[in-house]
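This report refers to the structure that appears directly beneath it.
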Amino acid sequence: MGIHSPLYLPSSPWQMSVLVAIASLTLNQKALTRVVPQDQGFGSGYAGIFHFQFWQHSEWLDVVIDDRLPTFKDRLVFLHSADHNEFWSALLEKAYAKLNGSYEALKGGSAIEAMEDFTGGVAENFQIREAPEDFFEILEKALKRGSLLGCSIDTLNASESEARTSLGLIKGHAYTVTGLDQVNFHGQRIKLIRVRNPWGQVEWNGPWSDSSPEWRSVDLEEQKRLGHTALDDGEFWMAFKDFKIHFDKVEICNLTPDALEDSALHRWEVTIHQGSWVRGSTAGGCRNFLDTFWTNPQIKLSLTERDEGQEGCTFLAALMQKDRRRLKRFGANMLTIGYAIYQCPDKDGHLSRDFFRYHASLARSKTFINLREVSERFQLPPGDYI
Ligand code: CA
């Protein structure tokens, strides 16, 4: 299957999340060939079927579809490539819709969910206004690890969605982050970020944009290193400080060892636990319900490796509810989920109500919320936690 031309989506913005996830997937060849196995095409032995692979609850699932795609007046209804002879994106979308139960079930999904399903990665959300001081370094490390990064500008209401600002940014639109770097500019080091509009058009026109005068003061070699061009391809640089002003949200899909085979990249160690929250027995609610909180599944976490030059260990804790989207057509909604992290006492076994009565949590998810997944980054000293 040839993968060359830009992707387009005619008129259904609710499918946007899948488009963005596919667009950022195309930036990572290794991850892409996992989802879209390359040994398929319309050549000899063609049987009218295609298969794709998605990460679902700690394993790769193979999804087989036939080659019929929904059309209206001879045009593809959903996702398609700019090149009318290129069908992989539409077929991938169909397989993903099948995995989720229907095209309709993709509605309301977020780009980061699809990125996780395409890579086996673990999501992390940042509100830029509340981002940590070393945000640039966090993003830089994530990109170096091969993670997929998305960013967007919040909208206040539906009418603002896709509204274009005077600086060439589009509200509610999902962008991908494709680079971070620093340049010498009048004796100063300036932090820059490269952002890409997956629609391939409409670019930022402020400082450090394609034909902005700042570039004239940058060494040619450096321009080359940064791949600075003035192509109207949807990709542009901007100063990181402007990025923090104009964008609201960054989502990182942290790739785990399973998605990355390159040992040269700095990877995460990953452990996965399955739990079951059953009404009346193990669905104990949040800490406000002291009498039942202790009945929730308790999962042990051991931190052993300190961050370089620091006392604490950084880790991501992600809690995901399975299969709710597939149950949507039977009227099921996402459940409200969240977690709290406690220091583990020396003894083994399930912690009792009294433990939670007398011990405060050391960290917790920011909110209990009805999303498919809540995930957050923490730093705690080495030790055992529940
Ligand atoms: Ca450009």
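Because the structure is predicted, anything quoted here is derived from the model rather than measured. Note that ligands are numbered from 1 as they come in the structure, with each ligand's atoms numbered from 1 the same way.
- You'll find the ring centres of Phe293 and Phe355 outside the 6.0 Å limit.
- With waters left out, the protein N, O or S atoms under 3.0 Å from the Ca ion (ligand 1) add up to 6.
- Evaluation of the salt bridge (charged side-chain N to carboxylate O under 4.0 Å, His left out) rule for Arg364 yields no partner, not counting sequence neighbours.
- For the residue pair Asp307/Gln379, the side-chain donor-acceptor check at 3.5 Å is satisfied.
- Nearest heavy-atom pair, Leu303 versus Pro381, reported as atom, atom and distance to 0.1 Å: CD1-O, 4.0 Å.
- For the residue pair Gln274 and Lys322, a side-chain donor N or O sits within less than 3.5 Å of a side-chain acceptor on the partner.
- In this structure, a donor-acceptor pair under 3.5 Å is present between the side chains of Thr178 and Arg194.
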